[in-house]
Peer 1: 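Take this structure, written in C-alpha cells, and hold onto it; I'll ask about it next.
Side chains are part of it too, since the values below use all heavy atoms of this structure and drop only hydrogens, waters and symmetry mates. All values reported here derive from a predicted model rather than from experimental measurement.
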Amino acid sequence: MKKRLLQKYAALVRVVREEHIKAGMEAQGHCFYHCYAAANMCLTIAPNRKIAELAWVAAMLHNIDHIFGKNVVQWYINRYLDLTPLCKPERAIILDAVLKHGDFNYSTDGIVLRVLKDADMIVNMGLTVAMRSARFRPTTPLFNPRFLMRRDPSATFKEPGTILQNLNHVLAWWEDGWIRLPKSKPIARRRYKALRAYVNELTRQLVEEGLLRPKFPKKLIVT
C-alpha cells in the first residue's frame, strides 16, 4: 500500500519534501522524515485501508504549521490537496485532522484524526525523540539538577524548561492514556518501555556524576 500511495500522491510528496528543505526543517525536530514516519505509522494502526489512506495524506501535511505558521495552514493545505484526486468530503476530513492534530483528545474526534494523533505520538515516542527535541529547542538546557527525580511543576509540554522534562512529558502520553486505538497500543507500549529505560538510565548516570540536588551545590545551579 505504501508504494501505491507514493505513486498516487507523488506530486504532493515531492512538494512537501521540497518545502521542508527550503525552510531548513531538516536541521530541526519537525523534518520531512518525521512526516514520512508518521504517515507510514498511520498505515500500520488504521482500522481499514480507506482511513489509512486519508490519515497517510494528513500525516504528510501535518508539519505545515511549523513551516509557514498557524495562520496560513488552511490555505497551504488546500493548495497541496489540489495536487491530489481527493474529493471535497475527503479533503474536509484531512483538513480537520491536520488542523486539530495538536489538540487534546476529545470524544468527538473523527477516526482519521484519531489515527493521525496516535501515529504522531507513537513516532514521537521513538528513541530519536531525544535528539529531535534537542534540535527543536537548541537553547533549552538538557536538564535541571533540581528536577532530575521529579517533574518540574512549572513545566508544560510547549515550555518544558529542559529536554529531560520534555521526554517525561512524552512518556506521560502512555502513562496518562492518550493512545486510543487498539492497533496503536502494543507499539506505543513497546516504545514507552524503551524510552522509559533510556530516561531512567540517563537519570541514574546524572546522579552518579553528582548532578542531583541536594548533593549538587545550589549556588552552582544555572537554570
Side-chain angles (χ1 to χ4, degrees), residues 1-14 16-17 20 25-26 29-66 77 80-81 84-86 90-133 136 157 167 169-198:
M1 185 175 184
K2 186 191 309 179
K3 182 178 180 180
R4 179 180 68 81
L5 293 178
L6 285 173
Q7 292 174 340
K8 182 176 181 179
Y9 298 102
L12 172 69
V13 174
R14 176 180 54 80
V16 169
R17 177 180 175 274
H20 278 82
M25 300 300 289
E26 302 317 297
H30 295 87
C31 63
F32 173 75
Y33 294 143
H34 171 67
C35 285
Y36 188 70
N40 291 332
M41 186 59 65
C42 288
L43 303 184
T44 300
I45 65 176
N48 61 53
R49 291 172 66 88
K50 184 58 182 179
I51 292 170
E53 179 171 340
L54 296 180
W56 188 91
V57 174
M60 280 293 182
L61 298 172
H62 86 286
N63 269 358
I64 288 180
D65 56 334
H66 294 286
I77 292 173
Y80 294 150
L81 289 178
T84 75
L86 294 166
E90 292 170 333
R91 291 173 57 138
I93 291 171
I94 291 170
L95 176 62
D96 178 74
V98 176
L99 292 177
K100 297 178 181 177
H101 81 274
D103 295 349
F104 289 111
N105 287 346
Y106 295 102
S107 60
T108 55
D109 288 347
I111 185 59
V112 172
L113 176 55
R114 289 178 183 238
V115 172
L116 177 57
K117 283 184 174 181
D118 272 18
D120 195 25
M121 285 188 283
I122 289 172
V123 170
N124 282 330
M125 289 170 67
L127 293 181
T128 57
V129 70
M131 296 179 284
R132 292 178 54 239
S133 180
F136 183 60
F157 181 73
L167 297 185
H169 289 149
V170 171
L171 289 167
W173 291 338
W174 176 258
E175 295 167 347
D176 296 343
W178 283 46
I179 304 296
R180 293 183 287 183
L181 298 177
K183 291 183 181 180
S184 300
K185 291 182 179 180
I187 304 172
R189 182 185 299 111
R190 173 168 49 81
R191 292 186 175 219
Y192 166 80
K193 289 180 178 178
L195 185 58
R196 169 52 68 195
Y198 172 82

Peer 1: Is the shortest side-chain heavy-atom distance between Asp96 and Val112 below 4.5 Å?
Peer 2: no
Peer 1: Taking all heavy atoms of Ala52 and all of Leu43, pick out the closest pair and write down the distance.
Peer 2: O-CD2, 3.8 Å
Peer 1: Do the non-hydrogen side-chain atoms of Thr128 and Tyr33 ever get within less than 4.5 Å of each other?
Peer 2: no
Peer 1: Roughly how far, to the nearest 0.5 Å, is the CZ atom of Arg14 from the CG atom of Leu6?
Peer 2: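 Output value for this atom pair is 13.5 Å.
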Peer 1: Write down the atom of Ala55, the atom of Val115, and the distance for their closest heavy-atom approach.
Peer 2: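 Closest pair (atom of Ala55, atom of Val115, distance): CB-CG1, 3.6 Å.
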Peer 1: Would a distance-only check, ignoring hydrogens and angles, find a side-chain to backbone donor-acceptor pair under 3.5 Å from Arg114 to Ala46?
Peer 2: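 Absent.
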Peer 1: Report yes or no: does Asn63 contribute a side-chain atom to a donor-acceptor pair with the main-chain N or O of Phe32 at less than 3.5 Å?
Peer 2: no
Peer 1: Go through the structure and list residues passing salt bridge (charged side-chain N to carboxylate O under 4.0 Å, His left out) with Arg17, not counting sequence neighbours.
Peer 2: none
Peer 1: Quick one: list whatever passes salt bridge (charged side-chain N to carboxylate O under 4.0 Å, His left out) with Arg180, sequence neighbours left out.
Peer 2: Asp109
Peer 1: Around Lys8, counting heavy atoms of other residues, nucleotides and ligands shown, do more than 12 lie under 6.0 Å from its NZ?
Peer 2: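 More than 12 heavy atoms, drawn from other residues, nucleotides or ligands, come within 6.0 Å of this atom.
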Peer 1: Taking all atoms of both residues into account, what is the closest heavy-atom pair of Cys42 and Trp56, and its distance?
Peer 2: CB-N, 4.1 Å
Peer 1: From Leu181 CG over to Asp118 CG, what is the distance, rounded to the nearest 0.5 angstrom?
Peer 2: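 Spacing of CG (Leu181) from CG (Asp118) equals 4.0 Å.
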Peer 1: Grab the two heavy atoms, one from Ala58 and one from Ala97, that are nearest each other, plus how far apart they are.
Peer 2: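 What the structure gives for the nearest pair is CB-CB, 4.2 Å.
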Peer 1: Any chance you could measure His66, atom NE2, to His20, atom NE2, to the nearest 0.5 Å?
Peer 2: 9.0 Å
Peer 1: Just so I know, are the side chains of Leu5 and Glu53 near enough to count as touching, which here means a heavy-atom distance under 4.5 Å?
Peer 2: yes
Peer 1: What are the two closest heavy atoms between Leu61 and Ile64, and how far apart are they?
Peer 2: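 Closest heavy-atom pair between Leu61 and Ile64: O-CG1, 3.0 Å.
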Peer 1: What residue among Lys117, Lys185, Arg189 forms side-chain contact (heavy atoms from CB on, under 4.5 Å) with Ile179?
Peer 2: Lys185
Peer 1: Rounded at 0.5 Å granularity, tell me how far CD1 in Ile45 sits from CD1 in Ile122.
Peer 2: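 Ile45 atom CD1 to Ile122 atom CD1 measures 4.5 Å (nearest 0.5 Å).
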Peer 1: Any non-hydrogen side-chain atom of Ile77 less than 4.5 Å from a side-chain atom of Arg91?
Peer 2: no
Peer 1: To the nearest 0.5 Å, what is the distance between OH (Tyr9) and CZ (Arg4)?
Peer 2: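 Tyr9 atom OH to Arg4 atom CZ measures 7.5 Å (nearest 0.5 Å).
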Peer 1: Donor-acceptor check, side chain of Ser133 to backbone of Ala130, threshold 3.5 angstrom: yes or no?
Peer 2: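 Such a contact is absent between Ser133 side chain and Ala130 backbone.
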Peer 1: So how far is it from Met125 CE to Lys193 NZ, rounded to the nearest 0.5 Å?
Peer 2: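 With rounding to 0.5 Å, CE (Met125) is 11.5 Å from NZ (Lys193).
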Peer 1: Please list all pairs passing the ring-ring contact (aromatic ring centres under 6.0 Å, His included) test where one or both residues lie in residues 91-123, with sequence neighbours left out.
Peer 2: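 Residue pairs with at least one partner in residues 91-123: His62-His101, Phe104-Trp178.
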Peer 1: Quick one: are Glu175 and Tyr192 in side-chain contact, heavy atoms under 4.5 Å?
Peer 2: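 They are in side-chain contact.
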Peer 1: For the residue pair Glu90 and Val57, establish whether any side-chain heavy-atom pair is separated by less than 4.5 Å.
Peer 2: no
Peer 1: State, with a plain yes or no, whether a side-chain heavy atom of Tyr36 is found less than 4.5 Å away from one of Lys2.
Peer 2: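 Counting from C-beta outward, Tyr36 and Lys2 do come under 4.5 Å.
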Peer 1: If every non-hydrogen atom of Pro47 is compared with every non-hydrogen atom of Ile111, which pair is closest and at what distance?
Peer 2: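 So the minimum-distance heavy-atom pair works out to CG-CG1, 4.1 Å.
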Peer 1: Is the shortest heavy-atom distance from the side chain of Leu195 to the side chain of Trp174 under 4.5 Å?
Peer 2: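 In short, these two side chains do not touch, never coming nearer than 4.5 Å.
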